[in-house]
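Here the structure is a predicted model, which means the values were calculated and not measured. A, B, ... follow the sequence lines: proteins, then strands. Residue 1 opens every chain.
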Number of protein chains: 2
Amino acid sequence: MPTVYDVARLAGVSTATVSRVMRGSDLVRPDTRARVLAVIDEVGFVPDASAQGLSRRRKDIIGLVALERGVDETDIERDGLLFVDQLVHAVEAVLRGTGCSLLLSFGRNGEPFQGRIRALSGKVDGLLVVEDAMPAAQLRALSRRLPVVAIAASPGEGGLDAVRVDNAGGMQALAAHLATGHGYRRLGFAGGPPDAPDAVERLAAFAAAARARPGCTVDVVPGGDFSEASGRTAARVLLSREAVPEAVACANDQMAIGVIRELQRSGIRVPADVAVTGFDNIFPGRVVDPPLTTVGQPFRELGARATTRLLERIAGSEAQPRADVLPTELVIRRSCGCPVTPSPAT
Amino acid sequence: MPTVYDVARLAGVSTATVSRVMRGSDLVRPDTRARVLAVIDEVGFVPDASAQGLSRRRKDIIGLVALERGVDETDIERDGLLFVDQLVHAVEAVLRGTGCSLLLSFGRNGEPFQGRIRALSGKVDGLLVVEDAMPAAQLRALSRRLPVVAIAASPGEGGLDAVRVDNAGGMQALAAHLATGHGYRRLGFAGGPPDAPDAVERLAAFAAAARARPGCTVDVVPGGDFSEASGRTAARVLLSREAVPEAVACANDQMAIGVIRELQRSGIRVPADVAVTGFDNIFPGRVVDPPLTTVGQPFRELGARATTRLLERIAGSEAQPRADVLPTELVIRRSCGCPVTPSPAT
DNA sequence: TACGACTTTGTAAGCGGTTACATTCAGCTG
DNA sequence: CAGCTGAATGTAACCGCTTACAAAGTCGTA
């Protein structure tokens, strides 16, 4: 593994010059530069990022820590991941332009995740924390040591950069559509993990919006985990009730898909007998039958905004911490009872 | 940002002792250890990974480079990613136990991906390369500088650790099922990217296996990109033929889903009029109507095996490079024309 | 009490880059 | 041609941690 010293010796220059050539130039005579570049190319020199990081006090790596949801221990149900996967791609896309790389770390709640985050924090220039992947206190402590941007975290956290989506707005629009648009009165809700801020907000907003309408009731089934399986479970609970709801909203799309499939397995028609809706707008929701009415969230923008902000902080921005809320959008398809949409490729 | 020196001073010991305490002990007297730990905790010391990496010649980071497939420029079609996403989670799960972290880098082909990989190679101890994310020559060069394990790469590459799945076996089983099991004779195939080794193998194996059977023909539509949209396109091509195939196999599940939906849009029943099959066995395939018959590949094992091998190499293993082939498995659901399977939650 | 034989701790030299500062060099000017 | 100036290059300290080796304790024994 060649080092700057090797290159310097071979090119007959000092390490300073090699370094200057590497970092896009400074003042190096063209022929010197050419000579150095030739040697670099010949010996296949690649600077050691550790040494660079140490010397420049900057690692050009940011970390993303997230909870791995809806993946069960046996690894069979691999369907809960779409949200974080989308995010990862969005973040990576932004980083692509910069020299920065993305370090990933997933945890399942209950695990001793904290130690890993600690260690990880030594490897990065800044951290993206998804949901409440760590206790608020620790998050604050962390954010004193390095730039941190929270994604989809609990709104409570002040004094911290954060980006989230408008869960409440989306759910209100959805509740209006179901109650006012379709006239459903007996509503149900398949709730997500109590430790997922998004899930909590969605549940609260939907229930509040629905109950605010005269005659509307909401039968809440809490305790899902964002997975399809937990949607099925919720459906079974709802089916066991005296009065099965006319429409069931869900904490996310996977759960909605689980609800749909479980209902169908029991011979119930969706949406004719029971309407079902999700949240997220991920690919499988377009594919399921009936296509899922849902609230779309701007994954791309969510990841991009958070990443951009983090990079600014790393670059030294001292601006006031901001908590951005990105708009969500009601995506009407058929599972809510709306007629076929004639869109070309939905 | 406290350093070992700060901790040492505060605890009244030398940096060597601090270091010894950090790295799980050596021979440090219990009370000394306690004192040091107290200081570490108090000042919130986290060792700088760059300095550690430099000193220990080991960064405890491995990289994963992959092509981002089936994502179109406008970011609207976000459905081509499931394969690599699965892989990422599988790899991360293995790393979880170790102190190693995962650095991610995606490229789209055509992009100047090579430079980024070069830079990235300075940040990691080893690299996982998915598909032919880089030219064979460069891959060889890379593998001389650091441990590299290829995932789902072209079989050609000798002398390199590689893990792939048995595309051919899976496709042969599928062809047998369609031709012998169902008696289909006019077959179609929606091909994937010509630069995707998996896609090439699947196409070749399916065509060969099918054509080996008396009376069987295969109408190949090449040039897909693994996305649902490209499946739709393939379906349109197939529909324009004089004789529409009785069964269409596809390079992956997303394309199969695209084919199904496009056929349905044209009023063709699946599988009654045309059977359709995929490859991968990802979540959306379970959800689409009809549920997708496909060839399952062991994502988890694929990622795990590659990661384990890479870690061994990093640890210094000098074993002969191996090219493992993991078994695939025919997953019969309904899109091939088989009757409803009574499985509990498929 | 003195002497080994361990155990515990400290000293200081790297690890491979970057960069402030010093030095050299070439080209002008007076 | 000495002296000056700015460009090009070299020197060496430093980034923060690890670790070989040296030094200092500690203890039991002769």
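- Every side-chain hydrogen bond (donor to acceptor under 3.5 Å, both in side chains) that B:Ser105 has, sequence neighbours left out, goes to B:Arg116.
- Taking atom CZ on A:Arg35 and atom P on D:dA8, their separation rounds to 14 Å, with Å as the unit.
- Remark on the helix from C:dT1-D:dA30 to C:dG30-D:dC1: inter-end axis angle 70°, axes from five-pair C1' superpositions, rounded to 10°.
- Salt bridge annotation for B:Arg322-B:Asp161: absent, with no cationic side-chain nitrogen under 4.0 angstrom from a carboxylate oxygen.
- No donor-acceptor pair closer than 3.5 Å links the side chain of A:Glu131 to the backbone N or O of A:Leu67.
- At a threshold of 4.0 angstrom between heavy atoms, the contacts of A:Gly122 with the nucleic acid are absent.
- Between A:Arg164 and A:Asp324 no salt bridge is recorded (no basic side-chain N to carboxylate O distance below 4.0 Å).
- B:Leu102 approaches B:Gly63 most closely through the heavy-atom pair CD1-C, 4.5 Å.
- The side-chain contact (heavy atoms from CB on, under 4.5 Å) test with A:Val88 singles out one residue from A:Leu128, A:Val130, A:Leu64, and that residue is A:Leu64.
- Counting only residues at least two apart or in different chains, ring pair (Phe, Tyr, Trp, His ring centres under 6.0 Å) contacts with residues 298-323 of chain B comprise B:Phe83-B:Phe299.
- The pair A:Arg69-A:Asp195 meets the salt-bridge criterion, since a charged nitrogen lies less than 4.0 angstrom from a carboxylate oxygen.
- Under the salt bridge (Lys or Arg N to Asp or Glu O under 4.0 Å) criterion, B:Arg145 pairs with no residue, sequence neighbours left out.
- Applying the salt bridge (charged side-chain N to carboxylate O under 4.0 Å, His left out) test between B:Asp48 and each of A:Arg58, A:Lys59, A:Lys123 identifies A:Lys59 as the sole match.
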Query raised in the report: Could you write nucleotides 14-28 of chain D as a row of B, S and -, 5' to 3', where a protein heavy atom under 4.0 Å of any base atom gives B, of only sugar-phosphate atoms gives S, and otherwise -?
Result: -BBBBB---------
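- In the 5' to 3' direction, nucleotides of DNA chain C lying under 4.0 Å from heavy atoms of chain B begin and end at C:dT8 to C:dG16.
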